[in-house]
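Okay, structure first, notes after.
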Amino acid sequence: MTDDTRSEITLRVNDETYRLAVDNRRTLLDALRDDLNFTGAKKGCDHGQCGACTVLVNGQRVVSCLTLAVAADGAAVTTIEGLAGDGELRPIQEAFIRLDGFQCGFCTPGQICSAVGMLAEHAAGWPSAVTRNGSPHRAGELTEEEIRERMSGNLCRCSAYPSIVRAILEASAREAVAG
Amino acid sequence: MRAFAYQRTTQIRDALNLIAQHDGARFLAGGTNLVDLMKAGVESPARLVDIRSLALGEIGETPDGGLVLGATATNSAVAADAQVRLRYPALSQAILAGASGQLRNMATVGGNLLQRTRCAYFADPSEACNRRVPGSGCSAINGAHHNHAILDWTEHCVATHPSDMAVPLSAFDAVVRYETLDGTGEIPLSEFYLPVGNRPDRETALPDGALITAVVIPAAAVASKSRYRKVRERASYAFATVSVAAALDVQQGLVQDVRLALGGVASRPWRARLAESALRGGPATAERISAAADVEIAAAEPLRDNAYKVTLARNLIEAVLTELAADAGEESNG
Ligand SMILES: Cc1cc2nc3c(=O)[nH]c(=O)nc-3n(C[C@H](O)[C@H](O)[C@H](O)COP(=O)(O)OP(=O)(O)OC[C@H]3O[C@@H](n4cnc5c(N)ncnc54)[C@H](O)[C@@H]3O)c2cc1C
Ligand code: SF4
Ligand code: FES
Ligand code: FES
């Protein structure tokens, strides 16, 4: 009899295809870190509350600690390790380094993956809780207030928030061009 | 966590059959509540039936001008939808006031309605909790309950329903559509959540094994003039202390239609019908708004440590209706 509590899954991580057998209880976060050795995504709370485990699944930011690996079968996952192309940092990564967007660095991979997803959401015209009532939202009006609200799912115990916001604001125009 | 089987299907019928044929089988949508509670040991399904490949993700219009939100549409998609933002702004605002960008990308319409309470004792299997284990007692009633209910609770459970989305849906008379192996059905949101009574573990009127397929919001002119306001313990990314969804339509100085619902005060979204009838038909003056807030809140019964919520809810009703009345005044003047 086959064991129906385990599954064979395929994950496309950072443009490489991986086949793996997982216990259905395995989260995407644990599969990335422990099975595939992508240790960039961090386990902060393991309950969806801190954002340290944020990765992009099919282009959207999600918390990988509440995503079951088996439920991500067939998905394209981007982790912090996959953001830089050809040894060149993305604008947002470069800005985090230049503008001190981190102190201990624990939350940083989640912050940066979240920022990439957030900028795409903003460019698609998605509103946030601080987007003014009634005014149809246009991309390009990314204020500090908007960044703080849209990034509220990523906590930073070192409280590097002012430089995180600055780095995202500064990189946002160049990220839009980088795509 | 208990080991479980996992299946994914593209057919509603198959999903319903899988749930019917297996004891302890549960639907999995975004997983943001279910997976979390499985980790805590509060939920222990034997099988998960992943419903995100079902064709239930559409947001569309009904023939009579309402909207249909597919059960697996993400919270992000609903909040960003142009028709939702134009015709039911409080719904978009409520969703955006909840959780985080990451969680809203995962969370779905159906899962949001069925999320369990955030009462900390509920999430801790070492504590007595009637909602988790019927008959075990309620740790909150004499424990830490500063963020618990002020309306409609019983000695069996004093928890609140955590959903922001459900609050404007309640104000807009939304209807939950479901499917079972016997066919399809509909339940108005006002009857969807059962009163606490002596069985807080029985949370909804959804038949056993039913799959929510959509939430339908009827057309309502008043809904385009609506607003959601949420008070919470930090500026973003926290559950409601008290929230208000309100809509106000004033014509020739008289309240034509008004909708009001509260979150964070009861085990279900609280439709404030007393306040609505106090306002309907007359002018939207400060005195009448204040009286409407009073009449709704008169029934509140605070617990030992949450009397502040009574004042907060009252003032929040007043503040949001006052803002909407001012908007209506500006519109008629210019
Ligand atoms: C850190 C954190 C903060 C949060 N903050 C907020 C907040 O401020 N405001 C707020 O409103 N919410 C908040 N949430 C809760 C979040 O909105 C819910 O967890 C989410 O909406 C649930 O949707 P889901 O699709 O992930 O459901 P799941 O977790 O997949 O499912 C939840 C339940 O619904 C059942 N189910 C799902 N879909 C269907 C269906 N179509 N038919 C039948 N049964 C179904 C499942 O079997 C399960 O029992 C927060 C969550 C977290 C983790
Ligand atoms: S308030 Fe309800 S959920 Fe909380 S401990 Fe009491 S019975 Fe359980
Ligand atoms: S580890 Fe996933 S949100 Fe904290
Ligand atoms: S830099 Fe230390 S947690 Fe953010």
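Below, chain A is the first sequence line, B the second, and so on; all start at residue 1.
Residue A:E149 comes nearest to B:L96 through the heavy atom pair OE2-O, 3.9 Å, listed as atom of the first residue, atom of the second, then distance. Residues A:A71 and B:L28 come closest through the heavy atom pair CB-CD2, 4.3 Å. The shortest non-hydrogen separation linking B:R85 to A:G125 is NH1-O, 3.5 Å.
From A:D4, atom CG reaches atom CZ of B:F4 across 11.0 Å, with rounding to the nearest 0.5 Å. Note that CZ of A:R150 and OG of B:S100 are 13.5 Å apart. Values are rounded to the nearest 0.5 Å. Here the SG-CD distance, from A:C113 to B:Q102, works out to 10.0 Å after rounding to the nearest 0.5 Å. Interatomic distance, B:N105 CG to A:L56 CG, rounded to the nearest 0.5 Å: 9.5 Å.
Contacts from residues 72-80 of chain B to chain A, taken as heavy-atom pairs separated by less than 4.5 Å, involve B:S76, B:A79, B:A80 in sequence order. Against chain B, the residues from residues 22-32 of chain A that qualify, each with a non-hydrogen atom under 4.5 angstrom away, are A:N24, A:R25, A:T27 in number order.
Annotation for B:Q21: atom CD counts as buried by contact number, over 12 foreign heavy atoms lying within 6.0 Å. Within 6.0 Å of CZ in A:R98 there are more than 12 heavy atoms belonging to other residues, nucleotides or ligands. Atom CD of B:Q83 sits in a crowded spot, with more than 12 heavy atoms from other residues, nucleotides or ligands closer than 6.0 Å.
No side-chain donor-acceptor contact under 3.5 Å links B:Y237 to the backbone of A:M151.
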Criterion side chain to side chain contact (heavy atoms under 4.5 Å, CB included) on B:M106 and A:V57, from CA distance to verdict:
CA-CA 10 Å; B:M106 303 167 73; A:V57 171; over 6 Å; no
Practice task
Determine, step by step, whether B:L48 and A:L68 satisfy the side chain to side chain contact (heavy atoms under 4.5 Å, CB included) criterion, reporting the C-alpha distance in whole Å, the side-chain angles of both residues, the deciding distance to 0.1 Å, and the verdict.
Solution key: CA-CA 11 Å; B:L48 291 182; A:L68 294 172; 3.6 Å; yes
- Message: Could you walk me through whether B:L103 and A:L66 satisfy the side chain to side chain contact (heavy atoms under 4.5 Å, CB included) test, starting with their C-alpha distance in whole Å, then the side-chain angles of each, then the deciding distance to 0.1 Å, before giving a yes or no?
- Response: CA-CA 9 Å; B:L103 289 161; A:L66 294 184; 4.1 Å; yes
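Using a 4.5 Å cut-off between heavy atoms, B:D50 contacts chain A through its side chain alone, with no backbone atom that close. Only the backbone of B:R2 comes within contact range of chain A, with heavy atoms under 4.5 Å apart.
Comparing B:V35, B:N33, B:D81 by heavy-atom pairs within less than 4.5 Å of chain A, the highest count is held by B:V35.
Side-chain contact check for B:K39 versus A:C65: some heavy-atom pair is nearer than 4.5 Å. Side-chain contact check for B:R8 versus A:V70: every heavy-atom pair is 4.5 Å or farther apart.
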